[in-house]
Every structure is written in structure tokens, then in C-alpha cells.
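Source: prediction; values computed, not measured.
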There are 2 protein chains.
Amino acid sequence: MTVTTDTDALLSIGEVSERTGLPTHTLRFYEQEGLFAGPVRRNAAGRRMYSEEQAHWARVCTKLRSSGMPLPEIHRYVALVREGPGNEKERFAILREHENKVAQQVADLQEALAVIHTKVEIYEEALSAGTADQLWRDGPTCD
Amino acid sequence: MTVTTDTDALLSIGEVSERTGLPTHTLRFYEQEGLFAGPVRRNAAGRRMYSEEQAHWARVCTKLRSSGMPLPEIHRYVALVREGPGNEKERFAILREHENKVAQQVADLQEALAVIHTKVEIYEEALSAGTADQLWRDGPTCD
DNA sequence: CTTTGACTTCAAGTCGACTTCAACTCCTAG
DNA sequence: CTAGGAGTTGAAGTCGACTTGAAGTCAAAG
């Protein structure tokens with residue numbers, strides 16, 4: 001539950017960096033790439049001060065990125081947000097499509113995992129049976 | 001297509017490419033990077049002829065790669081295989097460690113998926129309730 | 001007052017894994 | 001014989017997403 005926008009404690013770039021795990025350089029880079037819907041405010045000394053919401057969005061961005069959404073597509077989404085109400089369906093489509101892609105990625109990764117695990121098991125068995133040298137006969141037969 | 005399915009059923013680079021989904025260029029590149037334990041043989045005309053085993057290994061490579069194993073690490077594994085029997089434990093360690101990494105990747109991806117899905121659900125609800133415009137109040141509150 | 005450390009800008013460099021290019025050779029079909 | 005398609009080589013280019021560098025500003029601590 002988000003509180004009202006009045007008494008928001010603003011966060012320095014270092015604080016946001018700590019919370020998100022993103023290097024400060026990367027936060028500046030993201031801003032430059034237009035990954036924040038609103039402007040990042042500055043204090044009297046010209047330093048960046050992030051709202052809680054912006055910090056949260058940065059955290060979301062780490063998830064979008066780590067799941068393979070390219071920066072331009074995040075930008076596309078943000079651009080729609082910036083435009084204001086009226087394009088929610090488009091925004092939804094971007095998110096849902098990415099969700100599908102990630103689900104596919106998980107499936108692919110699990111398939112790869114199965115292949116790898118098969119090989120691991122073969123080694124486990126051969127090693128405990130002391131027949132590991134037979135894993136090499138006339139080529140990498142080990143599958 | 002050259003129909004030589006006689007003796008050891010060697011495969012052309014094009015056939016291996018088709019089976020693995022790897023472009024022929026990439027197969028040559030992998031060979032150059034030392035990703036095959038044995039030599040890739042050549043026919044009279046100097047063209048690559050892969051054994052079934054090599055084709056299979058290439059397929060395994062696609063899984064290792066798609067799960068993020070770097071080429072140098074695949075190379076390290078292959079180098080051990082090339083050395084012959086005696087280092088099975090090391091080979092096993094490489095595989096098992098990668099297996100763990102992939103399991104972690106799956107977990108991370110599922111976490112990201114959860115975050116994304118949460119946002120998707122918020123949009124779904126707001127859209128069906130006709131309150132989508134409220135997703136934008138005074139910032140991207142939508143989480 | 002000086003140092004420390006976080007911050008600022010803009011520009012250039014890095015990385016892995018291909019991918020593309022250029023310039024061939026070779027085999028088979030028509 | 002000629003065209004087409006598959007194959008060969010080494011070198012150079014591409015890509016996204018940072019990352020690093022250079023050169024400076026600012027605020028509080030010792």
C-alpha cells in the first residue's frame with residue numbers, strides 16, 4: 001500500500017543503487033535512456049533524488065532486464081506511461097508478451113537442465129561404480 | 001544432397017547444421033574454438049564429415065550454450081575429454097557446477113516472472129474493471 | 001584547510017558470441 | 001559447358017548493455 005505523495009523521503013543515487021543492486025553508473029545510464037517515466041529530481045546541489053516509486057520502478061527494471069527485456073522495449077513501455085491514460089491496452093500487451101517470452105525461457109532452460117542433468121547422472125553412476133574410464137571409448141560417448 | 005549412408009554414416013556440415021539448428025558458420029567457428037574433442041574429418045574434397053557422435057555433441061553444445069555456459073568453459077571440458085581417462089572427477093565437477101548455475105537461473109527467472117505476472121494481473125483487473133486510467137495517478141504506481 | 005568520498009558530465013572502451021564479407025573451390029544437374 | 005549450390009578460408013564487423021575513464025563539483029569530517 002503506497003502512501004501519499006507529500007512526505008516522501010527522497011533517496012540519493014547511492015541509496016537507490018544499494019536497494020536495486022544497480023551500479024550508480026547504470027542508474028544514470030538508464031535515466032539517459034529514458035527508462036524513467038517522470039523526471040528524476042535534483043536537490044540544491046544538483047544531485048539526483050529519487051522518489052520511492054522511482055526506486056521501486058528501478059527494482060522492477062532489474063527484473064525486466066534479468067528476464068531479457070531489451071532496453072528499447074522497456075523504453076517503449078515507459079513512453080506509453082509517460083503519455084498518460086488511454087493506452088493501457090498497449091502497455092498490457094507489452095507486459096503480457098514479455099511474460100510469455102519469459103515462460104518460454106523457463107521451459108527452454110529446464111529442457112537444457114534436463115540434458116545436463118542426464119550427463120551429470122551418467123558421471124555420478126560411472127564414478128561410484130568405478131567405471132568412469134569407460135566414459136571415454138572411441139569418442140565422447142558419454143550421453 | 002549426397003546420399004552416402006553406407007559405412008559409418010558421416011554427416012556433412014549442412015546436415016549437422018540442420019539437426020542442431022546451428023548455422024554452418026557457427027559449426028566451423030566452434031571447431032576452431034576447439035569445441036570438438038576429436039578432429040572433424042574431411043572427405044576427399046576437403047569437406048567436413050561429422051560422425052554421429054560429433055553431431056550429437058554439437059546438439060549438447062547448443063544446450064550448454066543456451067543455458068549460458070561460456071565457450072571457454074565448454075572448451076575446458078572438452079580439453080579434459082581430449083586428455084583421455086583419469087580426469088572424470090574434474091569433468092563431473094564442471095557439469096555439476098553448471099547444473100547448479102542453471103537451476104539458479106531458473107529460480108531467478110521464475111522470480112522475475114512472478115514480478116511481471118503481478119503487473120500483468122493488475123492490468124488485467126484494471127482493464128476488465130474499466131479503471132485502467134487509475135493506473136496512472138501521479139507516477140507509475142502500477143505495481 | 002584539506003582530505004575523503006559521493007556525486008556530476010560526456011565520451012570512449014569492453015565483452016562474448018557470433019555474423020558478415022570477400023574470394024575462392026568443388027561436385028552435380030541440365 | 002555452364003550454372004547453382006554447398007563447401008572452404010581468414011579477417012573484419014556487429015550487437016546490446018554496460019563499464020571505464022577523464023576531469024571536475026560539492027559537503028561534511030578531521
Please produce a list of atom pairs where a protein N or O lies less than 3.5 Å from an N or O of nucleotides 9-12 of chain C.
residue, atom, partner, partner atom, Å
C:dT9, OP1, A:R42, NH2, 3.1
C:dT9, OP2, A:R48, NH1, 2.9
C:dT9, OP2, A:R48, NH2, 2.7

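- Proximity of A:R41 to A:R48: side-chain heavy atoms (C-beta onward) are nowhere separated by under 4.5 Å.
- Bounding nucleotides for the chain A contact on DNA chain D, 5' to 3', at a heavy-atom distance below 4.0 Å, are D:dA17 to D:dA27.
- No side-chain donor from either of B:Y77 and B:R91 sits under 3.5 Å from a side-chain acceptor of the other.
- When the nearest nucleotides of DNA chain D are assigned to A:R47 and A:Y30 by heavy-atom distance, the more 5′-ward of the two goes with A:Y30.
- At whole-Å resolution of the value, CE in B:M49 and P in C:dC26 are 17 Å apart.
- Looking at A:H75 and A:E33, their side chains never come closer than 4.5 Å, going by heavy atoms from C-beta outward.
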Which donor-acceptor pairs under 3.5 Å do the side chains of residues 101-114 of chain A make with protein atoms, sequence neighbours left out?
residue, atom, partner, partner atom, Å
A:Q104, NE2, A:D108, OD1, 2.9
A:Q105, NE2, A:S67, O, 2.8
A:E111, OE2, B:K63, NZ, 2.9

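- When the options B:R59, B:Q54, B:E53, B:E52 are evaluated for a side chain to side chain donor-acceptor pair (under 3.5 Å) with B:H56, the one that passes is B:R59.
- Put simply, the side chain of A:Y30 does not reach to within 4.5 Å of the side chain of A:I74, judged on heavy atoms.
- In this structure, a donor-acceptor pair under 3.5 Å is absent between the side chains of B:N100 and B:R96.
- Residue B:E18 qualifies as open at atom CD: its count of foreign heavy atoms under 6.0 Å is 12 or below.
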